[in-house]
Amino acid sequence: YMLNQKDINKQTFTVTVADGVTGGTISTSPSGNVAWDTEVTVTPAPATGYELATLTYNDGSDHDIKAVGTFTMPQSDVTVSGTFQKKDFAITADGTPTSGTYTVTGGTYTIKNGSDDVTTAKMDDVITVTPAPAVGYELVSITWAPEGGSDTDITTEKKFTMPAKNVIVTVTFKKTDFNITKATATHGSFTVKKGDTEVEKANYQDQITVVPDPDDGYVLDAITVTKDGGESVDVTDDKFTMPAKAVTVSVTFKAQAPGTTPDYGITPW
C-alpha cells in the first residue's frame with residue numbers, strides 16, 4: 001500500500017471530553033490525537049434514571065450533535081461536552097382520573113409530588129398518596145409497584161420514593177362495619193336483623209329491622225335508635241337505615257291494657 005502525499009501531510013488535532021459532566025459519561029472514538037477529516041463517533045452513557053439533554057463539540061464555536069452523535073474532525077482541537085437530566089417516569093393509577101383526583105369504589109385519592117398533582121416523576125422524587133374514603137367506607141390498602149416488580153405496601157406512610165422505572169399505584173377501600181349495640185330491655189326481648197340474619201354490625205345505608213318479642217301481658221311501647229354522640233335515627237315500621245356511625249337500639253315494653261288482645265301481626269280470617 002502506497003501512502004499518497006495528502007495522507008502523509010494530514011495533521012492531527014486533539015479531541016477532549018470536557019470535565020464536570022454529571023449524570024452520565026461521554027466517550028469518543030477515536031479519541032486523543034485524531035487526524036482532521038476523520039469521522040468521530042460520540043457515545044453518551046446516561047447513569048440510571050438519567051437521559052441525554054445536550055451533546056455538542058466545540059472547535060471555537062458550539063455545534064449541536066445530539067441527533068447524529070458524530071462529527072468530522074476539523075483542523076483544530078475539539079472539546080466534546082454534554083449534559084444529562086433526570087428522566088420522567090410514568091405513574092399509572094388504577095382509578096379513573098378527574099381533575100387530579102383518582103376515583104375508585106369507596107373513595108378517591110390524589111397523587112402528588114410536593115404540592116403538585118402528578119402523573120410522572122423523576123428518580124428519587126418523594127411521591128405522596130392521599131386517600132379520601134367516601135361516607136361509610138374506610139381505607140384498606142395503598143400499594144405501589146415498579147414496572148415488572150412486586151407490590152410494596154405504604155398504607156401507613158402513604159408515600160414512596162420514585163425509582164428509575166414506571167410505577168403503578170393501587171388504592172382500595174371497603175365498607176365500614178358499624179357496631180349495633182342492644183340496650184337491655186325489660187318485660188321482653190328483641191332481635192336486630194338485616195334481611196333474615198340477626199346482626200351486631202351493619203354497613204352505612206343497610207336497612208335494619210328491629211323485631212320485638214314482648215313477655216306475656218306486655219306490648220311494644222317504643223323503639224329508639226341513637227347514634228354515637230346522641231343524635232336520634234328515624235325508625236319507621238320497626239325499621240331504620242344504618243347511619244355512618246355506631247348505634248344503640250333500645251326497645252321498651254308496656255303493660256297490656258286490660259281487655260285488649262296483643263297485636264302479633266296476624267291478620268284475622
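In the model, Thr226 has no side-chain atom that pairs as donor or acceptor with a side-chain atom of Glu231 under 3.5 Å. No hydrogens or angles considered: a donor-acceptor pair under 3.5 Å links the side chains of Thr172 and Ser141. Of the N and O atoms on the side chains of Tyr102 and Asp117, not one donor lies less than 3.5 Å from an acceptor on the other residue. Between Thr110 and Thr101, the side chains place no donor N or O within less than 3.5 Å of an acceptor N or O (distance only, hydrogens not considered). Between the side chains of Thr176 and Glu138, at least one donor N or O lies within less than 3.5 Å of an accepting N or O.
When every heavy atom of Ser81 is checked against every heavy atom of Ala18, the shortest pair comes out as CB-CB, 3.7 Å. Across all their heavy atoms, Val21 and Gly24 have their closest contact at CG1-O, 3.7 Å. Here the closest non-hydrogen pair linking Gly95 and Val104 is CA-CG1, 3.5 Å. Nearest heavy atom pair, residue Gly188 against residue Asp215, reads N-OD2, 3.2 Å. In this structure, Lys194 and Asn203 approach most closely via the heavy-atom pair NZ-OD1, 4.4 Å. Scanning all heavy atoms of the two residues, the minimum distance from Val233 to Pro243 falls at CG2-CG, 4.1 Å.
The hydrophobic clustering, which links ILVMFWY residues whose side-chain heavy atoms are closer than 4.5 Å, places Val78 and Phe13 together. A continuous path of hydrophobic side-chain contacts links Val15 to Trp36 [ILVMFWY only; heavy atoms under 4.5 Å]. Clustering ILVMFWY residues whenever any of their side-chain heavy atoms sit less than 4.5 angstrom apart, transitively, puts Phe84 in a cluster other than the one holding Phe89. Side-chain heavy atoms closer than 4.5 Å link hydrophobic residues (I, L, V, M, F, W, Y) into clusters, and following such links, possibly through other members, connects Phe173 to Ile111. If you chain together hydrophobic residues whose side chains sit under 4.5 Å apart, Val247 and Val211 never meet in one group.
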Test side-chain hydrogen bond (donor to acceptor under 3.5 Å, both in side chains) on Thr103 and Thr96 and set out the steps.
CA-CA 5 Å; Thr103 302; Thr96 301; over 6 Å; no
Walk me through it: do Thr241 and Gln207 pass the test side-chain contact (heavy atoms from CB on, under 4.5 Å)?
CA-CA 5 Å; Thr241 301; Gln207 297 301 301; 2.9 Å; yes
Let's go through Tyr204 and Lys175 carefully: what are the C-alpha distance in whole Å and the side-chain angles of both, what is the deciding distance for side-chain contact (heavy atoms from CB on, under 4.5 Å) to 0.1 Å, and is it a yes or a no?
CA-CA 8 Å; Tyr204 175 56; Lys175 287 185 175 181; over 6 Å; no
Steps toward side-chain contact (heavy atoms from CB on, under 4.5 Å) verdict (Val251, Val210):
CA-CA 9 Å; Val251 177; Val210 182; 3.8 Å; yes
For a ring pair (Phe, Tyr, Trp, His ring centres under 6.0 Å) check, start with the C-alpha distance between Tyr218 and His187, then their side-chain angles and the critical distance, and finish with the verdict.
CA-CA 7 Å; Tyr218 287 84; His187 307 302; 4.1 Å; yes
Might you work through the side-chain contact (heavy atoms from CB on, under 4.5 Å) test for Val171 and Leu139, ending with a clear yes or no?
CA-CA 8 Å; Val171 178; Leu139 177 67; 3.9 Å; yes
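Side chain of Asn166 to main chain of Ala90: a donor-acceptor pair is present (N/O by atom type, distance under 3.5 Å, no hydrogens or angles). Distance alone, capped at 3.5 Å, places no donor-acceptor pair between the Asp116 side chain and the Val118 backbone. In terms of modelled atom types and a separation under 3.5 Å, the side chain of Asn33 and the main chain of Thr14 share no donor-acceptor contact. A distance-only check finds no donor-acceptor pair linking the side chain of Tyr109 to the backbone of Ala93 [under 3.5 Å].
The line from OH of Tyr57 to CG of Asp64 is 10.5 Å long, rounded to the nearest 0.5 Å. Atom CE of Met123 and atom CE of Met162 lie 11.0 Å apart (nearest 0.5 Å). Asp77 contributes atom CG, which lies 9.0 Å from atom OG1 of Thr12 (distance to the nearest 0.5 angstrom). Distance check: Ile142 CD1 to Thr130 OG1 gives 8.0 Å after rounding to the nearest 0.5 Å. Once rounded to the nearest 0.5 Å, the distance linking OG1 of Thr236 with CD1 of Ile223 reads 10.5 Å. Here OG1 of Thr120 is found 8.5 Å from CD1 of Ile127. Values are rounded to the nearest 0.5 Å.
Contact annotation: the side chain of Thr56 never approaches that of Phe71 to less than 4.5 Å [non-hydrogen atoms, C-beta and beyond]. For the pair Phe178 and Ile180, the minimum side-chain heavy-atom distance is 4.5 Å or more. Within the 4.5 Å cutoff, the side chain of Phe160 has heavy atoms near those of the Val167 side chain. Residues Thr70 and Ile65 form no side-chain contact, since every pair of their non-hydrogen atoms from C-beta on lies 4.5 Å or further apart. Looking only at side-chain heavy atoms (C-beta outward), Val40 and Val34 come within less than 4.5 Å of each other. Residues Leu220 and Asp238 form a side-chain contact, since some pair of their non-hydrogen atoms from C-beta on lies under 4.5 Å apart. Within the 4.5 Å cutoff, no side-chain heavy atoms of Val249 are placed close to those of Thr181. Considering only heavy atoms from C-beta on, Lys122 stays 4.5 Å or farther from Asn113 through its side chain.
For CG of Asp153, the number of neighbouring non-hydrogen atoms (other residues, nucleotides, ligands) closer than 6.0 Å is greater than 12. At most 12 heavy atoms of other shown residues, nucleotides or ligands fall within 6.0 angstrom of atom CD in Glu200. Atom NZ of Lys182 is surrounded by more than 12 heavy atoms from other residues, nucleotides or ligands within 6.0 Å. For Lys158, the NZ atom is densely surrounded, since the number of other residues' heavy atoms within 6.0 Å is greater than 12. Annotation: Lys112, atom NZ; neighbour count of heavy atoms from other residues, nucleotides and ligands within 6.0 Å is above 12.
Using a cut-off of 4.0 Å between Lys/Arg side-chain N and Asp/Glu carboxylate O, Asp125 and Lys86 are scored as not salt-bridged.
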